[in-house]
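Take a look at the structure below.
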Amino acid sequence: MFKNILIVEDEMLIAMDAEESLESAGHGVVKVARTVSEALSILREQVVDAALLDFNLPDGTSIPIARWLEEHGVPYAIVTSQSPRHLFRENLPRSPIYQKPSDYAAIAQDLARAA
């Protein structure tokens, strides 16, 4: 189980659903960020042991967040409505990609098994 999962999602209803799903499965949610800059600020200030990232955010894509997580050894997954084929062209660091709608608790379980 993860104690401090960061959810990066600009759609509030999806973020609330993700948070509820994760907490019901026994994970802890440290924060929900709606933008790239907010997520990076949280990562610099708080301990995060996993992250779930939407790809398109109001201030850009989650690629800078993914790179930060990769550099710091934090497991993460991208959860998006975009085609995975499109994302492979974005030069993302290696990460699992899940299509929305998704079971966030199952994604966290996949990350925990891989970590």
Least distance between heavy atoms, [X] atom then [Y] atom:
X: A51; Y: L69; result: CB-CD1, 3.6 Å
X: D103; Y: S21; result: OD1-OG, 3.8 Å
X: A108; Y: H27; result: CB-NE2, 3.6 Å

Supply the atom-to-atom distance [X] [atom1] to [Y] [atom2], rounded to the nearest 0.5 angstrom.
X: R34; Y: D59; atom1: CZ; atom2: CG; value: 12.5 Å
X: R67; Y: H72; atom1: CZ; atom2: NE2; value: 14.5 Å
X: M16; Y: E11; atom1: CE; atom2: CD; value: 12.5 Å
X: T35; Y: E9; atom1: OG1; atom2: CD; value: 12.0 Å

- Task: Taking the side chain as every heavy atom from C-beta outward, state whether F2 and V30 have any pair of such atoms under 4.5 Å apart.
- Result: no
*Please tell me if the side chains of N56 and T61 come closer than 4.5 Å, counting only heavy atoms from C-beta onward.*
yes
Residues S24 and E20: side-chain donor-acceptor under 3.5 angstrom: no
Exactly one candidate in D54, I42, L53 meets side chain to side chain contact (heavy atoms under 4.5 Å, CB included) with I65; the answer is L53
Hydrophobic clusters here meaning ILVMFWY residues chained together by side-chain heavy-atom distances under 4.5 Å, can you tell me if [X] and [Y] are in one?
X: L111; Y: V32; answer: yes
X: I107; Y: V29; answer: yes
X: I78; Y: I14; answer: no
X: L52; Y: I97; answer: no
X: W68; Y: L6; answer: yes

Check your understanding: Given the rule in the side chain to side chain contact (heavy atoms under 4.5 Å, CB included) test, do Q46 and N4 qualify, once you have shown the distances and angles that lead to the verdict?
Key -> CA-CA 9 Å; Q46 297 188 22; N4 300 307; over 6 Å; no
Exercise for review: Given side chain to side chain contact (heavy atoms under 4.5 Å, CB included), test I5 with V48 step by step and report yes or no.
Suggested key: CA-CA 6 Å; I5 297 178; V48 171; over 6 Å; no
- Does NZ belonging to K100 count more than 12 external heavy atoms closer than 6.0 Å? yes
- Task: Begin with the C-alpha distance, continue with both residues' side-chain angles, and end with the deciding distance and a verdict on side chain to side chain contact (heavy atoms under 4.5 Å, CB included) for I63 and F55.
- Result: CA-CA 8 Å; I63 291 174; F55 186 72; 3.9 Å; yes
Dump the intermediate steps for side chain to side chain contact (heavy atoms under 4.5 Å, CB included) on Y104 and I7, then the final yes or no.
CA-CA 10 Å; Y104 288 87; I7 299 169; 5.7 Å; no
